[in-house]
**Q** 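This is the structure I want to talk about, given as structure tokens.
Letters A, B, ... are given to chains in the order of the sequence lines, protein chains preceding strands, and every chain is numbered from 1.
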Number of protein chains: 2
Amino acid sequence: MGTTQLDTVPEPKYWHLKTVLSEALDSEFAVGEILPNERELAARFGVARATLRQALEQLELEGRLQRRRGVGTTVAPPRVGVAVGDAEQAWPGTTADSWQAVDCLEAAPPAAVARLLGTPAGRPVHTVRRIRRTHGQPVAAELLYVPGHSVPGLAAIDTASGAARARTVLRELQRLALEGQDRAVELGSARAEDAKQLDRLPGAPVLLVTTRYFTEGATAAVAVATYRADTCRLTFGETGVQLLAAG
Amino acid sequence: MGTTQLDTVPEPKYWHLKTVLSEALDSEFAVGEILPNERELAARFGVARATLRQALEQLELEGRLQRRRGVGTTVAPPRVGVAVGDAEQAWPGTTADSWQAVDCLEAAPPAAVARLLGTPAGRPVHTVRRIRRTHGQPVAAELLYVPGHSVPGLAAIDTASGAARARTVLRELQRLALEGQDRAVELGSARAEDAKQLDRLPGAPVLLVTTRYFTEGATAAVAVATYRADTCRLTFGETGVQLLAAG
DNA sequence: CAGTGGTCTAGACCACTCG
DNA sequence: GAGTGGTCTAGACCACTGA
């Protein structure tokens, strides 16, 4: 009776380490400060470097740390709140927002996207690449898939290229009446290309936001946005989103 | 010109492994099928077990695999779409939904939650625990924090305990006029207690959904829901959510 | 009990950043 | 070139599952 479940749950070392480090971060370190390097931390705690790294990985996943090869491990600032479902339904690129069109190419979308669009697998569609920045840092990379039949007016002005062409596709989209949209959020790992744009290593954890745009009962476009999971908190909702960001 | 960037990006072994395995999963394995064990897979690919595990971890993160200690590694079914922002604004527990009240205790919320509630740090609040299941599987565990002043009528019926008390708190909440709500989604790792309820190991990646409920301009309650990131895709939006789930 | 995934070690070398 | 984090190895033992 006196013994309260002692040792029935032997806590893994890396878990305990993570707790200790987390508390140290709260009390002894300032945002942006550089931690001792991994070899020294491991020695200080009397564990192998791999074990120490397991703890650091968790803390990075939780947005507490930021690690950069060749530089070091720093204390991360609180996550940035980025509005995803802000305000009314609208086509992408409608207002002066934090997105920036990069370019536009003609390519076959992933099978999952083709399924959402209702286009045959392998059929190329307009693919607009955009990047989103807040406070100068890149937070998201997006691929917007637009089947040719959604923007019939585009054929005549097909000559533009790069960012100009991307903006043209966005402008053509806005001629359509948007009847609704849909979102899904899931965990993923960054493709090599997205990772580069987001200044992360391939495989870094990301939040995938899939948005469907509806017109006349059909899916006119699908966007897949890749948000840095370590630095972002996605905010939804109509009221006072900015309050949560202060957390 | 003939050489197309050969070896300028030496791909890590685990990354290549992940690709190979991913393609094998698509073509050679059925959902639920058990893969060869880690030691054999590592030998088959000629890598150390740790390297093989790094690839498996990524695939699990992406929801492609499911690993269970003492059992084996199985091919995961596609992620389940779970509605988070469904339909109109409503208090939790209003309709017959997929949530199940577990119990209710009086405890001091985490500092971040106290900040959102506007209550002094350390002040205990009603804390309702709920669990959400779909297809029999637990997908989320939630803690709903309700300050005493949000449910003044509760004092008189303070005698109930456990699930009954939880339901009482939910019922009292519904007497208030809900003026709005707010959501944020971010990546986290499962606390030990949540992990147990979700049938995962501590530290497993989860999607944290923070919801604020507003009445009369103030925050009447805050919910923090912990969704299994490996098995769940969170869906938002007003129309045809179920179509995305078919993806 | 045998077999699985989970944890941990003590090394080694590589890729990157920056002075 | 020195120092950092990233990758990789070849072992060992532990915790858990199920027959």
**Q** What does nucleotides 4-12 of chain D look like as a protein-contact string, B for base, S for sugar-phosphate only, - for none, at under 4.0 angstrom between heavy atoms?
**A** BBBBSB--B
**Q** I'd like to check the side-chain contact (heavy atoms from CB on, under 4.5 Å) partners of B:Leu105; sequence neighbours left out, ordered by chain and number.
**A** B:Ala107, B:Thr127
**Q** Using the test salt bridge (charged side-chain N to carboxylate O under 4.0 Å, His left out), find all partners of B:Arg191 that sit at least two apart in sequence or belong to another chain.
**A** B:Glu193, B:Asp194
**Q** Under the side-chain contact (heavy atoms from CB on, under 4.5 Å) rule, collect the residues that match up with B:Asp199, sequence neighbours excluded.
**A** B:Arg228
**Q** Just grab all the salt bridge (charged side-chain N to carboxylate O under 4.0 Å, His left out) pairs involving residues 22-34 of chain B, residues at least two apart or on different chains.
**A** B:Asp26-B:Arg64
**Q** Considering only distance and modelled atom types, tabulate donor-acceptor pairs under 3.5 Å from the side chains of residues 137-145 of chain B, sequence neighbours left out.
**A**
| from | atom 1 | to | atom 2 | distance (Å) |
| --- | --- | --- | --- | --- |
| B:Glu142 | OE1 | B:Arg130 | NE | 2.8 |
| B:Glu142 | OE1 | B:Arg130 | NH2 | 3.0 |

**Q** Quick one: bend of the helix from C:dC1-D:dG18 to C:dC18-D:dG1 from 5 pairs per end, to 10°?
**A** 20°
**Q** Check side-chain contact (heavy atoms from CB on, under 4.5 Å) between B:Val102 and all other residues, then give those that pass, not counting sequence neighbours.
**A** B:Arg129, B:Ile131, B:Gln197
**Q** Could you list the residues that satisfy salt bridge (charged side-chain N to carboxylate O under 4.0 Å, His left out) with A:Glu38, not counting sequence neighbours?
**A** A:Arg49, A:Arg53, A:Arg67
